[in-house]
Amino acid sequence: MLWSNFFITTSKETPKDATAASHRLMLRTGMVRQLSAGAYSYLPLGFRSLRKVEKIVREEMNRAGAIELMMPVLHPIDLWHETGRVEAMGDVLLRLGGPEGDWRTQTVLGPTHEEVITDIARAYLNSYKQLPVSMYQIQVKFRGEARPKSGVLRTREFLMKDAYSFHDTVDSLDAVYQKMYDAYCRIFARCGLPYVAVEAESGPIGGDASHEFMVLTDAGEDVVALTENQDYAANTERAVSAPLPQDDTAMADVAEIETPNQRTIDEVCAFLKTEARQMIKTLVYTLAYGPDKKRESKTVVALVRGDHDVNENKLDRAAIALLTKTLGAESSSPKPQAPSLDLADEATIKALTGADVGFAGPHSLKGDYLLVVDQAVSVMRNGVTGANKTGYHVQNLNPGRDFSIEGETVSVSDIRNVTDGDLSPKGSGAAIRLRKSIEVGHVFKLGTKYSESMKATYLDKNGKARPLIMGCYGIGLNRIMASAIEAHHDDGGIIWPMSIAPFQVLILALDPKEEDVMNTARALHDELEAAGIDVLLDDRDERAGFKFKDADLIGIPVRVTIGRKGLADGIVELKRRGGDDIDKIAPGTAAARVKEVVKGELERLGAGK
RNA sequence: CGGGGCGUAGCUCAGCCUGGUCAGAGCGCUGCGUUCGGGACGCAGAGGUCGGAAGUUCGAAUCUUCUCGCCCCGACCA
């Protein structure tokens with residue numbers, strides 16, 4: 001491909017709104033152009049990379065035994081009502097507008113395809129003899145993101161590979177899950193991404209187990225917990241740490257102390273000259289449950305250390321477990337329906353504490369409530385917390401002595417986010433470090449969540465109808481591209497991994513008007529192209545420096561510089577983007593050398609089978 | 001959805017507070033000339049109803065109100 005025949009729109013200017021490196025560089029290289037918030041055009045250069053990512057993903061999916069299909073973007077909303085995800089997804093589910101009763105109002109843009117694939121499965125997967133089966137598609141997804149950001153890292157429409165597997169046994173699911181997991185590792189390795197697989201929350205998609213594949217970079221929005229000895233890796237949405245040891249400082253007497261207008265942890269700490277880790281944060285929630293028409297609710301008090309944050313996933317589970325236990329004592333069907341946990345309103349807090357918001361403590365609460373104590377609080381001594389009296393806090397509050405940490409309505413659980421420096425839950429004593437990261441892939445064991453609600457069953461050997469057991473596996477292709485740039489760039493521009501570079505080789509003809517130069521450049525170009533290498537020849541009549549800067553910016557991994565002076569000395573120059581070495585080689589050997597470098601690099605990334 | 005910021009040429013921005021030669025610069029683009037191995041220079045050009053609407057005023061890019069869009073922080077996030 002000749003540069004002059006292609007469409008490349010590089011720019012010297014750094015776009016003002018772009019903060020993430022990938023965003024900045026994708027704009028400067030002209031790989032993408034923003035059309036509106038969260039929607040980008042992929043210009044020819046960017047599209048080539050995206051296609052290469054797609055090709056790698058497709059190859060590895062096929063290798064893992066998945067079969068490609070394509071499902072529609074337009075979904076009837078009824079399908080989503082079947083699984084209850086119209087409510088679960090809320091505004092993320094994009095709906096078409098229109099006059100009342102119009103078909104448009106009954107149509108949504110697909111944010112993911114569990115419902116559609118399950119609809120296919122219930123129609124055609126009727127026998128255990130057909131199982132297991134895995135299918136995938138590579139297709140645009142639509143989500144009503146409230147706040148698109150960081151270029152193509154978070155958009156309202158994006159390209160996703162989504163795969164779904166169907167099974168008759170959990171063992172079969174486990175086997176395919178592992179196969180997909182391995183395929184994902186190969187995909188990210190081949191794309192040159194420094195990734196790590198972590199335990200993850202499954203979120204609204206549901207299911208039993210899941211792993212996320214994360215690229216560690218500050219441009220990411222997720223935070224993962226990794227131990228230094230690598231014995232543990234999890235998303236902080238889920239991460240746990242070793243329990244903290246009992247503090248055995250002697251217990252002092254409880255003392256009430258006036259703290260006028262000091263409500264937040266910071267204010268109280270400054271006022272009392274103590275540290276956040278000595279504080280007990282007392283949070284009040286309302287747990288609602290039961291059928292729509294007969295909603296009941298229970299107040300839940302959660303305690304975490306002042307320097308810790310509540311993890312609402314964990315608190316949710318702990319609170320529901322505790323509620324289930326208490327219901328069990330008085331009801332025959334203890335499992336609470338559709339429980340939902342929210343921060344309590346002011347009136348509830350005032351009734352419970354007898355004080356204004358900001359002065360709650362666990363020791364003298366009024367009325368009926370459930371108490372969930374974080375493990376880190378349960379081992380504290382002489383904590384500081386609200387006095388349940390406006391304008392007052394108490395010091396030297398001790399769990400077990402001053403408020404109960406046992407009993408029917410109390411549980412001690414892990415309900416906080418891990419913090420940097422916590423120890424590995426594996427007992428190795430290794431410290432946990434928190435790292436920002438981008439989620440590029442996610443695999444889930446769904447179980448029967450969708451097959452049950454959508455009545456997707458098969459007949460087993462005994463002729464009995466059973467719900468299909470499912471797994472699902474997603475990869476964000478645009479994110480792979482962007483995170484590759486996040487991971488591989490310098491001040492001059494992008495440093496593409498060979499596998500997903502828009503072109504593998506750039507030939508820089510420095511003096512395109514010189515016949516010798518262009519003839520040599522063309523010959524090399526043609527020979528490489530014939531060998532199946534993606535080669536771009538910069539034939540523009542521009543100054544050398546200008547072309548070098550462009551070359552660095554777009555980051556083609558191998559550069560061959562051909563100039564009048566070099567040819568006079570009988571050499572052309574071969575340079576790797578990102579390296580400093582310049583090889584001066586005879587023009588006649590250039591093609592062979594370049595082929596060798598490209599092949600070697602692809603093999604290093606694991607393209608060889 | 002809450003808080004903050006910004007919409008002026010294809011791109012990056014100045015001008016706005018204090019209304020009146022304020023329709024401006026740089027990059028990019030076109031033409032000519034010089035230059036030519038790490039983003040050259042000179043000269044001459046093309047290009048904008050100052051996001052939109054309403055209002056205040058003799059007069060609005062500039063002040064007011066509304067509205068649309070975009071960005072950042074937070075909430076949310078298969």
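All chains are named by letter (A, B, ...) in the order of the sequence lines, taking the proteins before the strands, and each is independently numbered beginning at 1.
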Note to self: Both distances below 3.5 Å, Watson-Crick or wobble geometry, any strand: find the nucleotide opposite B/rA75.
What the structure shows: none
Item checked: Pairing residues for A/R416 by the salt bridge (Lys or Arg N to Asp or Glu O under 4.0 Å) criterion, not counting sequence neighbours -> A/D374, A/D422
Next item on the list: Name the pairing partner of B/rU30, where a pair is Watson-Crick or G-U wobble with both distances under 3.5 Å, or state none.
Entry: B/rA44
Check: Which is true for A/F142 with a 4.0 Å heavy-atom rule: it touches a base, it touches only sugar-phosphate, or it touches nothing?
Finding: nothing
Margin query: Determine whether a donor-acceptor pair (one donor, one acceptor, N or O, separation below 3.5 Å) exists between the side chain of A/E13 and the base of B/rG10.
Written below: no
Next item on the list: Can you tell me, in whole Å, how much space there is between the P of B/rG19 and that of B/rA60?
Entry: 14 Å
Next item on the list: May I have the distance from A/R28 (atom CZ) to B/rG28 (atom C1'), rounded to whole angstrom?
Entry: 14 Å
Notebook entry, point to check: Is A/E237 touching bases, backbone alone, or none of the nucleic acid, heavy atoms closer than 4.0 Å?
Noted result: nothing
Margin query: Work out how far the C1' atom of B/rC27 is from that of B/rU67, and round it to whole angstrom.
Written below: 33 Å
Note to self: What is the separation between atom CG on A/D550 and atom P on B/rG28, rounded to the nearest whole Å?
What the structure shows: 11 Å
Which side-chain N or O atoms in residues 554-573 of chain A pair as donor and acceptor under 3.5 Å with protein atoms at least two apart or in another chain?
| unit_1 | atom_1 | unit_2 | atom_2 | d |
| --- | --- | --- | --- | --- |
| A/R559 | NE | A/T561 | OG1 | 3.3 |
| A/R564 | NE | A/E514 | OE2 | 3.4 |

Notebook entry, point to check: With distance as the sole criterion, is a donor-acceptor pair present between the side chains of A/N311 and A/E237 under 3.5 Å?
Noted result: no
Under 3.5 Å, sequence neighbours excluded: what are the donor-acceptor pairs made by side chains of residues 40-47 of chain A?
| unit_1 | atom_1 | unit_2 | atom_2 | d |
| --- | --- | --- | --- | --- |
| A/Y40 | OH | A/H23 | NE2 | 3.3 |
| A/Y42 | OH | A/N478 | ND2 | 2.8 |

Check: Roughly how many Å is it from CD1 in A/I562 to C1' in B/rC36, rounded to a whole number?
Finding: 18 Å
Checklist line | Counterpart base for B/rC63, defined by Watson-Crick or G-U wobble contacts under 3.5 Å | finding: B/rG55
Next item on the list: Check side chain to side chain contact (heavy atoms under 4.5 Å, CB included) between A/A509 and all other residues, then give those that pass, not counting sequence neighbours.
Entry: A/V517, A/M518, A/A521, A/L537
Polar atom pairs (N or O), protein with nucleotides 43-46 of chain B, under 3.5 Å:
none

Check: Closest nucleotide of RNA chain B for A/I475 versus for A/T561: which of these residues is on the 5' side?
Finding: A/T561
Notebook entry, point to check: Between atom CG in A/D580 and atom P in B/rG38, what is the gap in whole Å?
Noted result: 16 Å
Check: Are the charged groups of A/E68 and A/R58 less than 4.0 angstrom apart, N to O?
Finding: yes
Note to self: My understanding is that only residues two or more places apart in sequence, or in another chain, count here; which of them pass ring-ring contact (aromatic ring centres under 6.0 Å, His included) with A/Y181?
What the structure shows: A/H211, A/F213
Margin query: Rounding to an integer number of angstrom, what distance separates B/rC63 and B/rU18 when you compare their C1' atoms?
Written below: 11 Å
Item checked: Residues which pass side chain to side chain contact (heavy atoms under 4.5 Å, CB included) with A/T83, listed by chain and number, not counting sequence neighbours -> A/R85, A/E115, A/Y450, A/S453, A/M454
Next item on the list: Map A/K513 and A/E439 onto RNA chain B by nearest heavy atom, then report which one ends up closer to the 5' terminus.
Entry: A/K513
Item checked: Check: A/Y184/A/E60 side-chain N/O donor and acceptor closer than 3.5 Å -> no
Checklist line | Length of the CZ-P vector between A/R147 and B/rA75, whole Å | finding: 10 Å
Note to self: Just the rounded figure in Å: distance from P of B/rC36 to CG of A/D511.
What the structure shows: 11 Å
Note to self: Between B/rC50 and B/rC58, how many Å separate the two C1' atoms, rounded to a whole number?
What the structure shows: 22 Å
Note to self: By the 4.0 Å heavy-atom rule, please label A/L553 as base, sugar-phosphate, or nothing.
What the structure shows: base
Check: Given the C1' atoms of B/rG20 and B/rU57, what is the spacing between them in whole Å?
Finding: 12 Å
Item checked: B/rA75 to B/rC66 separation - P atoms, rounded to the nearest Å -> 29 Å
Item checked: Separation of the C1' atoms in B/rG10 and B/rC73, to the nearest angstrom -> 31 Å
Margin query: Whether A/K149 contacts B/rC73 is assessed here as follows: a side-chain N or O lying under 4.0 Å from the phosphate OP1 or OP2. Is that the case?
Written below: yes
Notebook entry, point to check: Do A/Q178 and A/D174 have a side chain donor and acceptor closer than 3.5 Å?
Noted result: no
Check: Can you tell me the Watson-Crick or wobble partner of B/rG19, both distances under 3.5 angstrom?
Finding: none
Margin query: For A/L96, give me all partners under side chain to side chain contact (heavy atoms under 4.5 Å, CB included), at least two apart in sequence or on another chain.
Written below: A/L74, A/W103, A/R104, A/T107, A/L109
Next item on the list: Tell which nucleotide pairs with B/rG24, taking only Watson-Crick or G-U wobble pairs whose two distances are both under 3.5 angstrom.
Entry: B/rC13
Next item on the list: If B/rG38 has a Watson-Crick or G-U wobble mate with both distances under 3.5 Å, name it; if not, just say none.
Entry: none
Next item on the list: Under a 3.5 Å limit for both distances, which nucleotide forms a Watson-Crick or G-U wobble pair with B/rU49, could you say?
Entry: none
Next item on the list: Give, ordered by number, those residues of residues 540-547 of chain A having at least one heavy-atom distance below 4.0 Å to an atom of RNA chain B; if nothing qualifies, reply none.
Entry: A/R543, A/A544, A/G545, A/F546
Checklist line | A/F548 CZ to B/rA40 C1', straight-line distance once rounded to whole Å | finding: 16 Å
Notebook entry, point to check: Considering only the P atoms, how many Å lie between B/rG48 and B/rG24, rounded to the nearest integer?
Noted result: 13 Å
Item checked: ring-ring contact (aromatic ring centres under 6.0 Å, His included) partners for A/Y195, two or more places apart -> A/F188
Notebook entry, point to check: When we call it a touch if two heavy atoms are under 4.0 Å apart, what does A/G474 touch: a base, just sugar-phosphate, or nothing?
Noted result: nothing
Check: Could you walk me through whether A/W80 and A/H75 pass the side-chain hydrogen bond (donor to acceptor under 3.5 Å, both in side chains) check?
Finding: CA-CA 8 Å; A/W80 286 80; A/H75 301 182; 3.1 Å; yes
Check: With both distances kept under 3.5 Å, what pairs with B/rC70, Watson-Crick or G-U wobble?
Finding: B/rG5
Note to self: Can you pull out the residues from residues 32-45 of chain A that lie within a 4.0 Å heavy-atom distance of RNA chain B?
What the structure shows: A/Q34, A/S36, A/A37
Note to self: Would A/K445 pass as a cation-pi partner of A/Y177, given that its NZ or CZ must be under 6.0 Å from the six-membered ring centre and within 45 degrees of the axis?
What the structure shows: yes
Check: Roughly how many Å is it from NZ in A/K575 to P in B/rG38, rounded to a whole number?
Finding: 14 Å
Notebook entry, point to check: With sequence neighbours left out, what residues match A/H442 under ring-ring contact (aromatic ring centres under 6.0 Å, His included)?
Noted result: A/F444
